[in-house]
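Comments concern the structure below.
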There are 2 protein chains.
Amino acid sequence: MSNLSTTSDDILTCARSLIVAGGYNGFSYADIADVVGIRKASIHHHFPSKADLVRTLVARYRKEAEAGMANLERQVSDPLERLRFYLGYWEACITDASAPFCVCALLASQLPVLPEQVGVEVRAHFRALSAWLASLLERGALHGRLQLVGSPSAEAETFMATVHGAMLSARAYGDPKIFAVVTGPLLERLAARSPL
Amino acid sequence: MSNLSTTSDDILTCARSLIVAGGYNGFSYADIADVVGIRKASIHHHFPSKADLVRTLVARYRKEAEAGMANLERQVSDPLERLRFYLGYWEACITDASAPFCVCALLASQLPVLPEQVGVEVRAHFRALSAWLASLLERGALHGRLQLVGSPSAEAETFMATVHGAMLSARAYGDPKIFAVVTGPLLERLAARSPL
DNA sequence: GACAGTCTTCCTACTAGAAGGTAGACAGAG
DNA sequence: CTCTGTCTACCTTCTAGTAGGAAGACTGTC
C-alpha cells in the first residue's frame, strides 16, 4: 500500500514551492518536470490543466491548515500560547526558508488574474483562517486571558493582515527576523494586563 | 512643449495597472499594445526589455511616493493627521479601484522571480517608506502627539506591514471596507491618550 | 497457471498560440 | 537629412495542452 502514487504528491509539493516563489504565472509545467524528473505530458496525466493542479494544491493546503488549527486547539490550551505557536510556526518556515510565504496569501495578491476555481479556494482560506482567529480571540477574551480592543472579528482581521504583511516585509528586506519584529507586538498587545 | 512623448507615459501607466492586477508575469507586451493602441515593437522602442519597462515604472512610482510624502509633510503638520491622510489615500485608491494595491508590495511578493534591477528598486521603496514612517512616528512621539510602545522603526515596520496586509485582505475578500477595518485601529493605538 | 483484457502511469512526438525581442522600412518634424 | 516614433514582418523560445503508444500491474476466466 504505502503510497498509491507518490508522483502526484511530488508534483503538488514542487508546484507549491514554485508558487511560493513566484505566484501563479511564475512557473510552468516544464519547471515542475525538471524538478520532479518526469515529462511535461505526465504532469497533464495527473492534473489535466494548470488550474486543476493549483486548485488541488490550494485545497490540500487548506486541509493541512485546518488540521494544523485543530491540532493546535488540542495540544495547546492557553489562547495566547496558541497564537504564539501559530506565529512561531511561520517564523520557523520563513527562517529555514522551507516555505517562506503562505501560498494563499501569495495567490490572493494575484486574484484578478487567477482562474475562478483557484480564486474560490483562496478566498475560502482567508475566511477560514480569520474565522478561526476570531473564535480563538473571542474565547480568550471570555476567559480573561486576552484583552481585545475591537470586536473579535476585527481583531482577527488585523492579526491576519499583520502576519501577511510581516511575511511580505521579511521577503522584501531579505531578512527573516523582520517577521518577529512585526508580529511580536501583536501578542504583547493582546496579552491581558496582570491586575495592578 | 506639453509632452515630449505621451506614449511612453501611456505605456507606463497601463503597465502599472496591469502589474497591480497580476504582478510581473501577469502581463505581456501584447496586453499593453492592445490597451494603448500601438504595436508590440513600438513598446520595445521606448523600453527595450520588459525589465527596463518595469524598473522605470517602479522608479517613477517611488518618485511619486517620495513627492507624496514630502507634500504631506508640507500640508499637514499633525503627525496623527498625516498618518490618517496616508491611510485615507490608500482607502480611496482601493475603494474607487483606481489602483487597489501598492505596486511595490505586489512586486515584493514575487521578489524571487523578479529581474535583479527591478528587485533593487522594490527593496529601496520598502526602505524609504519605512524610514519615512519611522521618522514621522519618532517626531510625533517627541511632541507628545503619538504614543509608541516599541521603537519608532519597529512601530514603522508594523504600520507598513499592516497596511500591506490590509490591501491583501481587501483584495481577498473583494471588499474595500476591510482596509479601514484593519488599519483604523492602527491610528487609535498610536493616538496619545488625553490626560485623565 | 496461462491467457486476455483493462487500468495506470509514463513516454515520445506533436500542436497552436503566446512570450519577449529583432530587423528594417517608412513617414513626419526639426 | 537626420532623428523619432511607428509600422510590418519575422525569429526563437516557451507555454499549456493533445495524441497515441509502450510497459507494467491488477483482474478476471478458463
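In what follows, every chain begins at residue 1, and chains take the letters A, B, ... in the order their sequences are listed.
- Between B:Ser42 and D:dC7 there is a side-chain polar atom (N or O) within less than 4.0 angstrom of OP1 or OP2.
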Which atom pairs, one a donor and one an acceptor, fall under 3.5 Å between side chains of residues 99-116 of chain B and the rest of the protein, sequence neighbours left out?
residue: B:Ser109; atom: OG; partner: B:Leu106; partner atom: O; Å: 2.7
residue: B:Gln110; atom: OE1; partner: B:Tyr24; partner atom: N; Å: 3.0

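- Using modelled atom types and a 3.5 Å distance limit, the side chains of A:Thr56 and A:Arg60 yield no donor-acceptor pair.
- With rounding to whole Å, A:Arg39 atom CZ is found 17 Å from D:dA16 atom P.
- With respect to the salt-bridge test (charged N to carboxylate O, under 4.0 angstrom), the residues B:Arg84 and B:Glu91 do not qualify.
- Taking the ring centroids of B:Phe159 and B:His164, they lie at or beyond the 6.0 Å cut-off.
- Atom CD1 in B:Ile32 sits about 13 Å away from atom C1' in C:dA19, given to the nearest Å.
- A pairwise comparison of heavy atoms in B:Ile94 and B:Met167 identifies CD1-CG, 4.0 Å as the closest pair.
- Donor-acceptor pairing under 3.5 Å is lacking for the side chains of A:Thr7 and A:Asp10.
- Summarising the geometry, the separation between CD1 on A:Ile38 and P on C:dT8 is reported as 16 Å, rounded to the nearest angstrom.
- For B:Ser77, the side-chain hydrogen bond (donor to acceptor under 3.5 Å, both in side chains) test picks out no residue, with sequence neighbours left out.
- Note: CG (B:Asn25) to C1' (D:dC14) measures 12 Å, nearest angstrom.
- For B:Thr7, no side-chain nitrogen or oxygen approaches OP1 or OP2 of D:dG5 to under 4.0 Å.
- B:Trp132 and B:Glu73 share a side-chain donor-acceptor pair at under 3.5 Å.
- Between B:Glu66 and B:Lys63 there is no salt bridge, since none of the side-chain N atoms of the basic residue sits less than 4.0 Å from a carboxylate O of the acidic one.
- For the helix from C:dG1-D:dC30 to C:dA18-D:dT13, the end axes, each set by the C1' atoms of five terminal pairs, are bent relative to each other by 10° (nearest 10°).
- Of the residues listed (A:Thr6, A:Ile43, A:Val35, A:Leu57), the one engaging A:Ile11 in a side chain to side chain contact (heavy atoms under 4.5 Å, CB included) is A:Ile43, and it is the only one.
- Residues from residues 109-119 of chain A lying near DNA chain C, meaning a heavy-atom separation below 4.0 Å, are absent.
- Within the structure, side-chain hydrogen bond (donor to acceptor under 3.5 Å, both in side chains) pairs that include any residue of residues 119-130 of chain A comprise A:Arg62-A:Glu121, A:Ser130-A:Glu157, A:Ser130-B:Tyr173 (at least two apart or interchain).
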Summary of protein contacts for nucleotides 20-30 of chain C, nucleotide by nucleotide, where a base hit scores B, a sugar-phosphate-only hit scores S (4.0 Å, heavy atoms): BBBB-------
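- For C:dC10, neither phosphate oxygen OP1 nor OP2 lies less than 4.0 angstrom from any side-chain nitrogen or oxygen of A:His45.
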